[in-house]
Number of protein chains: 2
Amino acid sequence: MNKMRKEHNLTKNQKIIFDLIDKSSQPLKAYSILYNVQKKGIKAPLQVYRALDKLVEIGKIHKIESRNAFIACHNSSCQVAKATAFSICEICEKVTEISSAGLSKYLANFKDKDGMKYSKYNLEFFGLCKKCTLK
Amino acid sequence: MNKMRKEHNLTKNQKIIFDLIDKSSQPLKAYSILYNVQKKGIKAPLQVYRALDKLVEIGKIHKIESRNAFIACHNSSCQVAKATAFSICEICEKVTEISSAGLSKYLANFKDKDGMKYSKYNLEFFGLCKKCTLK
DNA sequence: TTTTTAGTTGTTATAATATAACACTATGTA
DNA sequence: TACATAGTGTTATATTATAACAACTAAAAA
């Protein structure tokens, strides 16, 4: 298996689960995914979690840690899940992946007090989305 | 209750649980906290979670979302849990709160594509700590 | 002082999230 | 073919977190 390859051939379960997440307008939770794919033959939590783990690993989806939910990656630059940033609306729970060259660059180069750099990061912003601000 | 006040008078349970977390060199998980405070009369998960919720709310502790664990705040500038950043070692799981004026300023002023600012953020960096880098 | 109020407590039960272990199957490659 | 690697299906279980309700407490208002 060529690790450099960008196109991963998803297996049946991975494809079913990725398609569901990809079509969704908001992040999906593991058990909600499970209920939605039971008619397609995926019966157990573990089948879902295994597919999710793999999809996260190859960067097709991201986990929103503060929500225990999963969202498809629509950011062509993050084929791997190593540098992620999201905005989360605290009212409607809308989540948007942020793709800002400035932000990525700043964080990728950030060094702590000891001068250490880190290989991955995950950033979650919270506040109100445009819609909810206007209400 | 004066919300401006910096010193919150912790209740008995909150104090027991804060002291435990504060003394710990690494983040603690809720059920590990529970086992550790059972001899002090805290018997149920909910008693722990309620104290944790309150302590997070007033900024005495922070939740490390990717680990479902809690760490005491040693950063005098974040009395409220609205702007947090951590480094997490992927080998030894050591977690350190980052307090960098530059980083805070950059993130507090960050605007997304639509020009939206957000009122809170949580950032988690992953990599190797100094010790584990040398191994 | 009495009353009110908000917040905390103790408790049982249960929901939601996630992994262990094992036997088996598919697929690519030597 | 034979081997290695990864994925599957399954049952059981571990881990993380909340619902609901009655009782108690401390501080502020009347």
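Proteins get letters first, then strands, A, B, ... in listed order; numbering begins at 1 in each. Because the structure is predicted, anything quoted here is derived from the model rather than measured.
Regarding A:Asp53, its CG atom lies at a distance of 10 Å from the P atom of C:dA20, rounded to whole Å. Distance B:Leu34 CG to D:dT18 C1': 15 Å, rounded to the nearest Å. Regarding B:Arg67, its CZ atom lies at a distance of 19 Å from the C1' atom of D:dA17, rounded to whole Å. Following rounding to the nearest Å, A:Leu52 (CG) and D:dG7 (C1') show an atom-to-atom distance of 15 Å. In this structure, B:Ile33 atom CD1 and D:dA17 atom P are separated by 10 Å, rounded to whole Å. Atom pair A:Lys54:NZ and C:dT27:C1' shows a separation of 14 Å (rounding to whole Å applied). Separating the NZ atom of A:Lys15 from the C1' atom of D:dG7 is a distance of 17 Å, rounded to the nearest angstrom. The nearest whole Å value for the distance from the CD atom in B:Gln14 to the C1' atom in C:dG7 is 9 Å.
By the ring-ring contact (aromatic ring centres under 6.0 Å, His included) test, A:Tyr49 is found to be paired with no residue, residues two or more places apart in sequence or in another chain being considered. By the side chain to side chain contact (heavy atoms under 4.5 Å, CB included) test, B:Lys117 is found to be paired with B:Asn109, B:Lys111, residues two or more places apart in sequence or in another chain being considered. By the ring-ring contact (aromatic ring centres under 6.0 Å, His included) test, B:Tyr121 is found to be paired with no residue, residues two or more places apart in sequence or in another chain being considered. Listed by chain and residue number, nothing satisfies the salt bridge (charged side-chain N to carboxylate O under 4.0 Å, His left out) test with B:Asp53 (two or more places apart in sequence, or in another chain). Contacts of B:Thr11 classified as side chain to side chain contact (heavy atoms under 4.5 Å, CB included), with partners at least two apart in sequence or in another chain: B:Gln14. Qualifying ring-ring contact (aromatic ring centres under 6.0 Å, His included) partners for B:Phe70, counting only residues two or more places apart in sequence or in other chains: none. Applying the ring-ring contact (aromatic ring centres under 6.0 Å, His included) criterion to B:Phe18, with sequence neighbours excluded, gives no partner residue.
Put simply, the side chain of A:Ile33 reaches to within 4.5 Å of the side chain of A:Ile17, judged on heavy atoms.
Look at B:Lys63 and you won't find any side-chain N or O under 4.0 angstrom from OP1 or OP2 of D:dT16. Between A:Lys29 and the phosphate of C:dA16, there is no side-chain N or O to OP1/OP2 separation shorter than 4.0 Å. Proximity of B:Asn13 to the phosphate of C:dG10: a side-chain N or O atom is located under 4.0 Å from OP1 or OP2. Listed pair B:Thr11 / C:dT9 meets the phosphate criterion, a side-chain N or O lying under 4.0 Å from OP1 or OP2.
Checking A:Asn68 against A:Lys12, the closest nucleotide of DNA chain D that is more toward the 5' end is the one next to A:Lys12.
Taking every heavy atom of residues 35-50 of chain B and every atom of DNA chain C, pairs under 4.0 Å involve B:Lys43, B:Ala44, B:Leu46, B:Gln47, B:Arg50, by number.
Between the side chain of A:Tyr31 and the base of C:dA18 there is at least one donor-acceptor pair of N/O atoms closer than 3.5 Å.
Remark: aromatic rings of A:Phe110 and B:Phe125 are close, center separation under 6.0 Å.
Summary of helix geometry: the two end axes of the helix from C:dT1-D:dA30 to C:dA30-D:dT1, each defined by five base pairs via their C1' atoms, are inclined to each other by 40° (rounded to 10°).
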